Amino acid sequence: MTAISTAPPLRRRLPLELIGGWEVGLLAFMVLLYVAGVFINPKFFGQADAFSAILRDAARFGVMAAGMTFVIVNKDLDLSVGSTFGLVATVFSLAFSQSYYDLGVWPSLIAAILAGLAVGLINGFFVTVLRVPSFITTLTMLFIGRGLVLGLTGGKTVSYSEKAASQAAWFVQIGETNALGFNNQILIFILVTIVGMVVLAKTRWGYETYATGGNELAATYAGIPTRRVRMRGYVLSALAATLAGLMSVAQDKGITSQYGQGAELIVIAAVIVGGASILGGRGRLLGGALGAILVTLIDKVLREGIPMTRTVKVGNIDMQVQGMAQLPPGAVPAFLGLILLLSVLIEPWIIRRNVFPRLFARMTGRPLPPIIEVGGVAIEGAQTKGSSASDRSMRARGPIGRFLSRRDAAAILLAIALWCVGLYLRPDFWGSIDNSFNLMLSFTEVGLLSIGMTYVIANGDIDLSVGSVLALSAATCAFLMKQLGFDPATAVFIALVAGAAAGLVNALLTVGFGLPAFVATLGMFYMARGIGAWLTAGRQLSSFPEVFNLLGRKLIDALTYFGIAPAKGTLVYDVAAALSVQTIFMVVVAIIAGVVLGKTPFGQMIYATGGNRRAAEYAGISTGRVRAISLVFSALCAACAGVIYVAFLRSFNPSAGQLRELDAIAAVIIGGGSIFGGYGTVLGALAGAAVIALIRALLSLQLILGNGQSFVMPQHWVNVFIGLILMVAVVGDVWIRQGDLIGSIRRRLAARRAIHPHAAS
């Protein structure tokens, strides 16, 4: 007799490795957002082609999101995808264009693919082999790639429409509409998404990726080659950006020097919005693809604007004029930065805490599901445990020995050497007093940023927002004086408050919500600059009160304005004519900050927090408070630099502070700070800032050649050099300072001599 089962039939569930409730929620939200777009702007969103246009624009970001998903699930980050996108497009365009190398389409494609592959291999090598933190590696590659794009194009547009149509028709078809009525880029997007979904969810590659991101140490013990897995993630990310860059040039048949700028924000936001965890080990590729569509849709809704009708009076006749009410420039990146921060907070504060299941359980009287423990973030890197440099400084004897054992000694000596190089190359110009103090003026901005950055890096954190906070404070100050008529003192005070507020947000997200500092400040990187451009409507402002402009003038100008100038020909007059107000301000800030960091208990708390946060907490140090104060101080230094920027140039430009975060980080690392925390001095940071300023001055120096002609390095290449210097400085910190590479070599040689004492003879 056969038993009859009374169990209910099993329900088929969605394959959770491919799709889950998060993706279903994204689809529902996109439908609601699209309906809102139709209501706001029916002329665009109400058309049949609108959705196809959104998918076309999302296709390139979706392809890049596929590669970025592998990186983020690995517990890494790739900030260089936008620059890789631009560099690949630039290499193809220069190779293919008749105005440059005029190669065929296949050699141009091969050159572009090799360029993208090289970026991925370099990123992977530095992160996995040289153990440089991923955000530093890819941030540096972002700036180097951006410098290469500007340098190779010379800031110009490259176009090849006629040649592309005649000699590369099949390639151009990638960016064209097919017989079915939609763009071929959408097909590529769908194909890449499907292949990526299968690879990540159903193959050994995906298993190794999830294991590495979930617990790298356990994955290593299980025999998974985690270093190779992480390297593979960066290569896939770079290849995805390469494909996206080629899709873009196939559509545009040319490039501009701004190609790919800001794409990294959209791609990272798309992957995080799609449900991936910045803590690693979690994420689905379909979510990243839907996130790319959602972010593009949000961008479209914000950019398209609302149709409106205005009444314009012409003579005695009222005329109805159709127009669009749009958000001002900067609003879109500000919103996207906010979306990035909110989406990053969703994972640790909603998903891992089981907020909705626990709420449903409370409402139905069921047992509460457990809260998932949030682990540490491997992406932050190992903290400093001490180095041989500290031991040598304690054993050093004599003033010279003690100086050479300092971590900032190399930066001081390098600054002196660079000064001597400039004096040798152009003694007629370099050695003048005016040039010396002009260098001090350009040095002040980086110097102020590096002072605040020293506190943050010594804590073991990072602040990627200082350049944008500089722009925000500068825009606030200029807007209040020019547009609202505020007096200079009030405008400066509010500008400093705005900078401090940005620092407070950074501190809240980093300390209060537990986000990695680089993620919190990356969001502020876009938000602050966007808000600054929003305030000024993307315009340049000038014509400020003269009493305000004195902040950027020579000291003698300020003394003359207040009627207390010394007599000409005196020593006091000569000194006042050489010194600038901003340099004096920076020196005062540097002295106070240096004394606090090096000679007070708070400074020791900073070093203890950066050296070993857990041990510092056991010692009774409020590490959260220390880190928060440091982030606010860094933002205040950036705000001061922004105010001085406006006073010195007597105008505000929306591009203020661009790439200055790279200069500030490089200055601190060159000056002996450790990217892992626990080290750093204000003197060393200022020496590092001097190195940066001197390198920029040397690269812009007009050299007189033997044939009487002159040569000046194009400024587009300067950031490439600064990025390379930062990378060398970080590798030196990891391997020479932290890893004691020289000491290890010395010990091996000594051991070899002990085993073979007569080998040398």
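All values below were derived from every heavy atom in this structure, side-chain atoms included, with hydrogens, water molecules and symmetry-related copies excluded. We number each residue from 1, following the sequence as shown. Bear in mind the structure is a predicted one, so any value in this text is a computation, not a measurement.
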R529 vs L472, test: side chain to side chain contact (heavy atoms under 4.5 Å, CB included). Steps then yes/no. CA-CA 6 Å; R529 184 167 296 281; L472 171 63; over 6 Å; no

For F486 and I494, work out which heavy atoms get closest and say how close. CE2-CD1, 3.7 Å

Just verifying a value: how many Å separate I531 CD1 and Y526 OH, rounded to the nearest 0.5 Å? 15.0 Å

Of all heavy-atom pairs linking A500 and L636, the shortest is CB-CD2, 4.0 Å

Tell me, with the steps shown, if I457 and N459 meet side chain to side chain contact (heavy atoms under 4.5 Å, CB included). CA-CA 5 Å; I457 290 181; N459 267 327; over 6 Å; no

N653 side chain to S655 main-chain N or O, any donor-acceptor pair under 3.5 Å? yes

In the structure I gave you, are the side-chain heavy atoms of L464 and I665 within less than 4.5 Å of one another anywhere? yes

Considering all heavy atoms, the nearest L559-P566 contact: CD1-CD, 4.0 Å

Measuring from T84:OG1 to D78:CG, what's the distance to the nearest 0.5 Å? 6.0 Å

Find the distance between CE (M453) and CG (L631) and round it off to the nearest 0.5 Å. 9.5 Å

Any non-hydrogen side-chain atom of L150 less than 4.5 Å from a side-chain atom of Q258? yes

Could you tell me whether the side chains of T583 and S580 share a donor-acceptor contact shorter than 3.5 Å? yes

Ring pair (Phe, Tyr, Trp, His ring centres under 6.0 Å) partners of Y259, counting only residues at least two apart: F85

Between the side chain of T521 and the main-chain N/O of D463, is any donor-acceptor distance below 3.5 Å? no

Derivation and outcome, side chain to side chain donor-acceptor pair (under 3.5 Å), residues S80 and N123: CA-CA 9 Å; S80 67; N123 283 338; 3.0 Å; yes

Show, in sequence, the C-alpha distance, side-chain angles and deciding distance for M481 and F548, and conclude whether the side chain to side chain contact (heavy atoms under 4.5 Å, CB included) test is met. CA-CA 10 Å; M481 288 188 295; F548 170 77; 3.5 Å; yes

So, does S634 use its side chain to make a donor-acceptor pair with the main chain of S630 at under 3.5 Å? no

For F493, is the CZ atom crowded, meaning more than 12 foreign heavy atoms sit under 6.0 Å from it? no

Between S465 and N506, do the side chains contain a donor N or O and an acceptor N or O under 3.5 Å apart? yes

Does any part of the side chain of I451, heavy atoms only, come nearer than 4.5 Å to the side chain of F633, both counted from C-beta? yes

Determine whether V596 and Y455 make a side-chain contact, defined as any pair of heavy atoms from C-beta on separated by less than 4.5 Å. yes

Checking the side chain of T536 only, and the main-chain atoms of G532 only, is there a donor and an acceptor separated by less than 3.5 Å? yes

Side-chain H-bond candidate by donor/acceptor type, Q582 with Y645, under 3.5 Å: no

Ion pair check, D663 and R660, cut-off under 4.0 Å: yes

Enter the distance from F479:CZ to T476:OG1 here, rounded to the nearest 0.5 Å. 9.0 Å

Main-chain N/O of G447 paired to S450 side chain as donor or acceptor, under 3.5 Å: yes

Is there a side-chain contact between C640 and V589 (heavy atoms, below 4.5 Å)? no

Any heavy-atom pair between the side chains of C637 and L449 that's under 4.5 Å? no

S83 side chain to L142 main-chain N or O, any donor-acceptor pair under 3.5 Å? yes

Counting C-beta onward and ignoring hydrogens, is there a side-chain heavy-atom pair between I669 and I675 closer than 4.5 Å? yes

Locate the shortest heavy-atom distance separating A635 from V469; write the atom from each residue and the value. O-CG1, 3.7 Å

Is there a donor-acceptor pair under 3.5 Å between the side chain of S473 and the backbone N or O of L470? no

Consider only side-chain N and O atoms of T560 and D557, and report whether a donor and an acceptor are under 3.5 Å apart. no

Donor-acceptor pair, side chain of R553 and main chain of F648, under 3.5 angstrom: yes

Is the shortest heavy-atom distance from the side chain of T140 to the side chain of I144 under 4.5 Å? yes

Rounded distance [0.5 Å steps], OG in S542 versus NZ in K482: 5.5 Å

List the atom of L698, the atom of G422, and the distance in Å for their closest heavy-atom pair. CD2-CA, 3.5 Å

Output the distance between atom CG (L139) and atom CD1 (I462), rounded to the nearest 0.5 Å. 8.0 Å

Give the minimum heavy-atom separation between V691 and A415, together with the two atoms involved. CG2-N, 3.9 Å

Please walk me through it: do F562 and L550 pass side chain to side chain contact (heavy atoms under 4.5 Å, CB included)? CA-CA 11 Å; F562 291 107; L550 293 176; 4.1 Å; yes

